[in-house]
Structures are given as structure tokens and as C-alpha cells.
Amino acid sequence: MAIGTQALATVELDSYDDARLVDELKRAKEELFNLRFQSATGQLDSHGRIRAVKRDIARIYTVLRERELGIRATPEPVVAEKTAKKAAKKEAPAEPAAEAAAETEEKN
């Protein structure tokens with residue numbers, strides 16, 4: 001992989017929703033600011049880290065822009081899928097009860 005953070009590989013960024021990408025972007029920009037400050041004061045140990053963080057920022061911007069243009073798909077919310085499955089399970093037992101109630105009303 002190119003220089004950068006292992007956790008922010010393009011494959012990993014594909015699984016993030018837009019809000020989390022914006023949070024990661026904010027975090028990376030704060031880190032870059034701190035690294036530049038350390039560099040200016042002569043306290044920076046690893047100058048390669050600045051380059052890695054810049055690449056992470058560029059990678060996040062690329063993923064956001066590709067989603068905006070429709071080139072890259074936005075992941076489906078995981079919470080919605082779990083909620084839909086729970087709703088389907090709740091509806092399934094309710095249908096036989098509704099049918100039984102309808103049959104009882106027809107008999108009366």
C-alpha cells in the first residue's frame with residue numbers, strides 16, 4: 001500500500017458512511033496541524049508522518065467526491081437493515097393472529 005495510515009485504506013473507507021468520513025477528515029486535519037506545529041518548533045520526530053496524513057486527507061476527499069458524482073456507491077446503513085429484519089419478524093407472527101381474528105368475526 002502507498003504511504004498512509006493502514007486503517008484508512010480505500011477499501012476501509014468504502015465501508016464508512018459520509019458522516020464518519022467527515023469525522024475522519026476532521027481528525028486528520030487536526031493531526032496535520034499538530035504535526036506542522038511540531039515541525040515548526042523542531043519537535044517533530046518523523047517527517048514522513050506529515051506526508052502520510054496528507055495522503056489520508058486526499059484519500060478521504062477522493063472517496064467523498066466519487067460518492068457525490070455517483071462513481072463510488074454509498075454503503076447501506078447497517079442499522080436500517082437490522083431494523084428491517086426485526087420489523088419483518090414482528091409482522092410475520094402478527095399475520096396468523098390477524099387471520100384467526102378475521103375467521104372468528106366471520107363465524108359470529
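Keep in mind that what you see is a predicted model, and the values were worked out from it rather than measured.
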With sequence neighbours left out, what residues match [X] under side-chain hydrogen bond (donor to acceptor under 3.5 Å, both in side chains)?
X: D18; result: R67
X: E66; result: R72
X: R20; result: Y16
X: E12; result: none

Where [X] and [Y] come nearest, the two heavy atoms and their spacing:
X: I50; Y: L44; value: CD1-CD2, 3.5 Å
X: S15; Y: P75; value: O-CG, 3.8 Å
X: L8; Y: R59; value: O-CD, 3.2 Å

Just to verify, what does [X] make a side-chain contact (heavy atoms from CB on, under 4.5 Å) with, not counting sequence neighbours?
X: R36; answer: L32, K54
X: D23; answer: none
X: K29; answer: L25, I57, Y61
X: S46; answer: R49

Rounding to 0.5 Å, atoms OG (S39) and CG (D45) come to a distance of 11.0 Å

Exercise. Output yes when R27 and E30 qualify as a salt bridge under the 4.0 Å nitrogen-oxygen rule, no when they do not.
Key: no

